[in-house]
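The structure appears below as structure tokens.
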Amino acid sequence: MSDNASSSFPAEVVDLPAAAPSALPSVGDQHASLFTIVTDALRRKILDGEYAQGDRLVEGRISEQLGVSRIPVREALRALASEGLVRIEPRRGATVASVSSQLAEDLVEVRATLESLNARLSAQRRDQAMVERLRGLLDAGRRAAAANDVDALVAANAQVHDLIAIGAGNEVLADMTRSLRDRTALLFAPINRGRAFDNWIDHSQILEALVAGDGELAALLAARHVHKAAAAYQANQARAGHKTGA
């Protein structure tokens, strides 16, 4: 995700990556665990929509792109398969997981419930330090929206979910929600940038409810936001089907 928000986002609120230097080392030149680096890199490409549902994930091609051997790529694909982001089939190899209409409904239903609980707990457990962070993110997002900075707004929208999870203070809930969020990202990634402003409107309302300590309202708004995103995805699918004659 690109970052044009250096002047819009205070450092204490968001932690966006600095602009990439002109020449970056390949993944194989880095010192962290190759398995972790490759897994994170592939996960990001999938969640950002660089790899779409059903796209083949060829080990040799990926290893060349990332500058690593095939072994960490193979391990990363297996790990992502366990997360539901990748599908591995005999003789066909690995592909980005495809989400059926029924599975999409199931994922959205459960995620809406968990996001609602996250928001309720975050509102109930907030302290003054968290309130300041919430207000800071609200201000940053508003500035990004006023400047029509889509990159910064997408980054702010992503920060909302992380901050709510931190405020909820429940590691089990955070892990479950993160997994579902990644799997629903397969649905929402293609429309994420186009909905950046709509998403921010929803998120700003949730943040305001959290600042006010209104757990019931925050929970309601969080669940409604997930369902609205799902409705936008379905509308986008319908438009795409109409254009292709499907």
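The figures here come from the full heavy-atom set of this structure, side chains too, leaving out hydrogens, waters and symmetry mates.
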Rounded to the nearest 0.5 Å, what's the gap from [atom1] on [X] to [atom2] on [Y]? Could you check?
X: Met130; Y: Arg125; atom1: CE; atom2: CZ; value: 12.0 Å
X: Asn170; Y: Leu114; atom1: CG; atom2: CG; value: 10.0 Å
X: Leu34; Y: Thr39; atom1: CG; atom2: OG1; value: 10.0 Å

Any salt bridge (Lys or Arg N to Asp or Glu O under 4.0 Å) pairs touching [range], not counting sequence neighbours?
range: residues 206-216; answer: Arg120-Glu216, Arg142-Glu208
range: residues 224-237; answer: Asp202-Lys228
range: residues 154-176; answer: Asp175-Arg178

Ignoring hydrogens, what is the shortest heavy-atom contact between Leu163 and Ser122? Give both atom names and the distance.
O-OG, 4.5 Å

Please say whether more than 12 non-hydrogen atoms of neighbouring residues, nucleotides or ligands are located less than 6.0 Å from CD1 in Ile166.
yes

Under a 4.5 Å side-chain heavy-atom rule over Ile, Leu, Val, Met, Phe, Trp and Tyr, are Val226 and Ile191 clustered together?
yes

If hydrophobic clusters are built from ILVMFWY residues whose side chains come within less than 4.5 Å, do Ile88 and Val73 share one?
yes

Partner residues of Glu75 under the salt bridge (Lys or Arg N to Asp or Glu O under 4.0 Å) criterion, sequence neighbours left out
none

Using the test salt bridge (Lys or Arg N to Asp or Glu O under 4.0 Å), find all partners of Asp55 that sit at least two apart in sequence or belong to another chain.
none

Of the options Leu47, Leu85, Ile62, which is the one that meets Leu42 in a side chain to side chain contact (heavy atoms under 4.5 Å, CB included)?
Ile62

Hey, are the side chains of Arg43 and Asp40 touching, using non-hydrogen atoms and a 4.5 Å cut-off?
yes

Yes or no on salt bridge (Lys or Arg N to Asp or Glu O under 4.0 Å) for Arg135 and Glu132, after CA distance, side-chain angles and deciding distance?
CA-CA 5 Å; Arg135 287 174 173 161; Glu132 292 306 313; 3.4 Å; yes

Write out all pairs satisfying ring pair (Phe, Tyr, Trp, His ring centres under 6.0 Å) with one or both partners inside residues 129-181, taking only residues at least two apart or from two chains.
His161-His203

